[in-house]
Amino acid sequence: MATIRSSWVSLALYGAVAASFGILEPTFWALFAGLGAFGIAALTVAQHYQHRTVALLYLARPNRLAVLFAQVLTTVLVAEVFAFLTGLPVLLKGEHQPFNDTLTVVPVMAIFGAAMAAIVRRASWLLFGFAVWFVIVEGIIGKMEWQLPISAYLDAASGDAFSLEIFAVWAVAALGTAVLTLNRDLSGD
């Protein structure tokens with residue numbers, strides 16, 4: 001992830017947008033921090049499949065489970081730093097509670113995103129599907145009232161402890177599915 005310059009440029013531009021929305025409203029920043037965590041995780045995990053380096057990665061590190069958990073840990077750390085830095089305007093405005101609540105749930109979003117990327121294996125498909133899911137299923141159909149992943153994330157970022165538990169269940173389910181599908185054949189990737 002650190003070797004791809006476009007990742008750094010994209011992260012910096014997206015971070016500037018997230019921070020600027022944090023100046024307006026902490027809820028907007030929480031949404032952008034979560035989307036950023038998901039995007040960071042999706043691109044970090046799926047890049048090996050996209051660039052066709054996954055076979056070399058698994059030859060160098062044959063334990064696929066260890067590779068997945070290293071990727072998950074990396075995405076959690078990068079997403080947390082990203083959320084902290086982009087959330088500084090929220091913190092400077094004195095909005096400590098939304099800042100702390102969002103920093104609590106962002107690592108769960110990174111785990112969810114990394115697990116989904118390990119399942120789907122194509123960042124563009126995952127990001128497009130995530131956007132469609134968010135707008136159509138959770139936004140239009142569910143009216144952001146159902147405890148689906150993004151709705152649960154947003155409620156947890158607003159301080160709802162039960163929603164944090166629900167979102168953690170979504171992340172654990174995705175991670176469990178990723179672990180179960182980890183040994184799929186790489187020839188199609």
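This structure is a prediction, so every number in the text was calculated from the model and none was measured. These numbers come from the heavy atoms of this one structure, side chains and all, not from hydrogens, waters or symmetry mates.
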Taking [Y] as the starting point, is it possible to reach [X] by hopping between hydrophobic residues whose side chains are less than 4.5 Å apart?
X: Leu180; Y: Val120; answer: no
X: Leu126; Y: Leu148; answer: yes
X: Leu88; Y: Leu77; answer: no
X: Phe82; Y: Phe84; answer: no
X: Val169; Y: Val106; answer: no

Least distance between heavy atoms, [X] atom then [Y] atom:
X: Ala30; Y: Ala157; value: CB-CB, 3.9 Å
X: Ala110; Y: Ala41; value: O-CB, 3.3 Å
X: Val72; Y: Ala114; value: CG2-CB, 3.8 Å
X: Ala118; Y: Leu68; value: CB-CD1, 3.8 Å
X: Val90; Y: Pro26; value: CG1-CB, 4.0 Å
X: Ala79; Y: Ala37; value: CB-CB, 3.7 Å

Hey, could you give me the [atom1]/[atom2] distance between [X] and [Y], rounded to the nearest 0.5 Å?
X: Leu164; Y: Asp101; atom1: CG; atom2: CG; value: 9.0 Å
X: Leu91; Y: Leu85; atom1: CG; atom2: CG; value: 11.5 Å
X: Glu80; Y: Leu103; atom1: CD; atom2: CG; value: 5.0 Å
X: Thr75; Y: Gln71; atom1: OG1; atom2: CD; value: 8.0 Å
X: Thr102; Y: Leu31; atom1: OG1; atom2: CG; value: 10.0 Å
X: Met116; Y: Leu127; atom1: CE; atom2: CG; value: 11.0 Å

Between the side chain of [X] and the main-chain N/O of [Y], is any donor-acceptor distance below 3.5 Å?
X: Asn100; Y: His96; answer: yes
X: Trp170; Y: Ile150; answer: no
X: Tyr153; Y: Met109; answer: no

* Asked: Are Thr86 and Phe32 close enough, and set up right, to give a side-chain contact (heavy atoms from CB on, under 4.5 Å), and what steps lead you there?
  -> CA-CA 9 Å; Thr86 61; Phe32 276 90; over 6 Å; no
* Using distance alone, with no hydrogens and no angle criterion, decide if Glu138 and Trp133 have a side-chain donor and acceptor under 3.5 Å apart. =>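 Yes.
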* Whether Phe112 and Phe38 hold their rings parallel, tilted or perpendicular, with breakpoints at 30° and 60° ->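 Geometry flag for Phe38 against Phe112: tilted rings.
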* Passes side-chain contact (heavy atoms from CB on, under 4.5 Å), Phe162 versus Asp155? Steps please. -> CA-CA 9 Å; Phe162 181 68; Asp155 290 345; over 6 Å; no
* Could you walk me through whether Phe99 and Trp29 pass the ring pair (Phe, Tyr, Trp, His ring centres under 6.0 Å) test, one step at a time? => CA-CA 9 Å; Phe99 180 80; Trp29 165 72; 5.8 Å; yes
* To do: Let me see the working for Val179 and Phe69 under side-chain contact (heavy atoms from CB on, under 4.5 Å), right down to the final yes or no.
  => CA-CA 10 Å; Val179 167; Phe69 283 114; 4.2 Å; yes
* **Worked check of side-chain contact (heavy atoms from CB on, under 4.5 Å) between Ser151 and Glu145** => CA-CA 7 Å; Ser151 304; Glu145 295 173 357; over 6 Å; no
